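First up is the structure itself, then whatever we jot down about it.
All figures in this text were calculated on a predicted structure; none of them were measured in a lab. So you know, we letter chains A, B, ... as the sequences are listed, proteins then strands, and number each from 1.
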Number of protein chains: 2
Amino acid sequence: MIQGKLMKELHKFDESEEMYLKTIAEISRHGNLVPVTNIAERLSISTVSASEMVHRLQDRGLLEHTPYKGVRLTDDGMNRAEGILRRHRLWECFLTEHLGLPWKQVHDFACQLEHVSEDTLTDALDEHLGFPSFCPHGNPIPPTQGVLEVRETTPLSDLGVGQEGVVLCIREEDGEILDYLDARAVRPGSRVRIEEIAPYDGPRSVLMDGEQQVLGREVAEHILIELVHGNETE
Amino acid sequence: MIQGKLMKELHKFDESEEMYLKTIAEISRHGNLVPVTNIAERLSISTVSASEMVHRLQDRGLLEHTPYKGVRLTDDGMNRAEGILRRHRLWECFLTEHLGLPWKQVHDFACQLEHVSEDTLTDALDEHLGFPSFCPHGNPIPPTQGVLEVRETTPLSDLGVGQEGVVLCIREEDGEILDYLDARAVRPGSRVRIEEIAPYDGPRSVLMDGEQQVLGREVAEHILIELVHGNETE
DNA sequence: TCGTATAATTAGGATACCCTTATATTAACT
DNA sequence: AGTTAATATAAGGGTATCCTAATTATACGA
Ligand SMILES: [Mn+2]
Ligand SMILES: [Mn+2]
Ligand SMILES: [Mn+2]
Ligand SMILES: [Mn+2]
């Protein structure tokens, strides 16, 4: 029983746990159930392992699993998850603004740092950064207390031809997609207009900050937009 | 065999390994053999476990173990260790100068951050800090390439009554001792003078930056001094 | 209602660390 | 040379996380 304590202190072992919680929070949209399969997929882990872990997390009171339906974070779980997202996004701000690193690295590094940032450190960092509200990818930084700002957004994939908007954020960040989008000028603040949608709900041709870009539907789902003026041409 | 790769990526598991290497490097004085017992002690780990790990590290070519004598890092091992010390001390600079955290926290946080800092990140941090040469505790920051600056130092415990000097650094840092010394104005740059040494090589009464302090011999061994003028009263 | 695709579980392993309690070895001092 | 204290090994366990392959259970659309 003593081993547990020492192990815990030496290699603070909740990294796995934290990644599960964060992932679930990121995937879940307004309180929907998250299928265990999705979790496994995003963590590149077998569904068996994910399932095991889900049980453990349930035992620890961090989530509730409805078999064949999915998983929902408890209040405890959600708090933990928001803490992690907070650290992740604060680090991203630091890495971007102060160290000048590129998006993909910023995200990947933050994904490691998020697991080794106690509150004192996180708060000091927050202050040092001037209490930012959003990460470089436009996602809101959960405050120590209080509720996350909610903004009205539409996935780019839902826009019709002719519709215009401004990129607010990229959701469900991961190294891959960030890199890809960064190279295509898709950033918070970019002005976008749908020029054409290929048949079968296919790739979108868009004008992104004046430049012509083509984005697949899947990718477009991760780009959240604030509509500009409701000029629905189609 | 696939598991290994995934595990490695998910929870970069060399924290233990890194702590061993760093610890060995810190303890060892100019290439001396480091007893396995000392390693175990500093890591708060059983000697059996330390011994096991030493074997593993030997197999990985990071050190050489001479039974009943001790351990010495190979060139590879030393490089790894210096990399870790570099990250540790750079983070310490950041946490001190930019976040204004106190010594103990600075050290403890750095001990976690040191394990999640790839080269790109470390180098960017280094640049951001203006390429500092020493950590807040006065220890040299290993450069990416080249050799560590070596300075002529004497442990405070070796000074006689009447001798004076300036604190250069505190070696074998750990949270405990740093906290203790910080509270007693023992910092790099502090002017010190031995006023009295209790019988049996006991506690020293010293004038530290003008203030009277008492420091046990054990603690004094960790305070490295640059002698000022060789006025050996005793 | 029935079948099938999806989700969950069972079974059997692997790895990296860590522990305690013996039991050898050896260095070193008398 | 002999004894002893320090070191090293052996033996038997434990935990958390992950894997594959095979086997159930269930939801849901036809
Ligand atoms: Mn992470
Ligand atoms: Mn982000
Ligand atoms: Mn450490
Ligand atoms: Mn230091």
>> The criterion is ring pair (Phe, Tyr, Trp, His ring centres under 6.0 Å); which residues satisfy it with B:His98, sequence neighbours excluded?
In response: A:His128, B:Phe94, B:His128

> Can you check the B:Leu57 CG to C:dA16 P distance for me, whole Å?
Replying inline: 12 Å

> Quick one: on DNA chain D, does B:Thr47 or A:Ala50 contact a more 5' nucleotide (nearest heavy atom)?
Replying inline: B:Thr47

> So which of A:Glu92, A:Glu26, A:Glu173, A:His88 actually passes side chain to side chain donor-acceptor pair (under 3.5 Å) with A:Asn139?
Replying inline: A:Glu173

>> Whole angstroms only, please: what is the CD-C1' distance between A:Glu17 and D:dA16?
In response: 11 Å

> Roughly how many Å is it from CG in B:Asp59 to C1' in C:dC17, rounded to a whole number?
Replying inline: 15 Å

> Quick one: does A:Tyr68 reach the base of C:dT6 with a side-chain donor-acceptor pair under 3.5 Å?
Replying inline: no

> How many Å lie between CG on B:Leu33 and P on C:dA27, as a whole number?
Replying inline: 13 Å

>> Is the phosphate of D:dT17 approached by A:Ser49 (side-chain N or O, under 4.0 Å from OP1 or OP2)?
In response: no

> Would you call A:Glu17 and A:Arg60 a salt bridge, taking side-chain N to carboxylate O under 4.0 Å as the test?
Replying inline: yes

> What integer distance in Å separates B:Glu18:CD from C:dA16:C1'?
Replying inline: 15 Å

> Any side-chain N or O of A:His55 less than 4.0 Å from the OP1 or OP2 oxygen of C:dA8?
Replying inline: no

> Across the strands shown, which category fits A:Val48 at heavy-atom distances under 4.0 angstrom: base, sugar-phosphate, nothing?
Replying inline: base

> Is it true that B:Arg86 and B:Glu82 make a salt bridge, defined as a side-chain N closer than 4.0 Å to a carboxylate O?
Replying inline: no

> Given D:dA8, is OP1 or OP2 found less than 4.0 Å from the side-chain N or O atoms of B:His65?
Replying inline: yes

> Could you give the OH-to-P distance, from B:Tyr20 to C:dC18, as a whole number of Å?
Replying inline: 4 Å

>> Check the phosphate of C:dT15 against B:Arg56, side-chain N and O only, distance under 4.0 Å to OP1 or OP2. Yes or no?
In response: no

> Picking from C:dC18, D:dT17, D:dC18, which would you name as closest to the side chain of B:Ile45?
Replying inline: C:dC18

> In whole angstrom, what separates B:Met53's CE from D:dT7's C1'?
Replying inline: 20 Å

> Do NZ/NE/NH1/NH2 and the carboxylate oxygens of B:Lys22 and B:Glu18 come within less than 4.0 Å?
Replying inline: no

> Which sits closer to the 5' end of DNA chain D, A:Ser46 or A:Lys69, going by the nucleotide each is nearest to?
Replying inline: A:Ser46

> Could you state the CD-P distance from B:Glu52 to D:dA8, rounded to the nearest angstrom?
Replying inline: 13 Å

> Among C:dC18, D:dT17, C:dA8, which nucleotide sits nearest the side chain of A:Ser16?
Replying inline: D:dT17

>> If you only use heavy atoms from C-beta on, which nucleotide in C:dC18, C:dC17, D:dT7 is closest to the side chain of B:Thr37?
In response: D:dT7

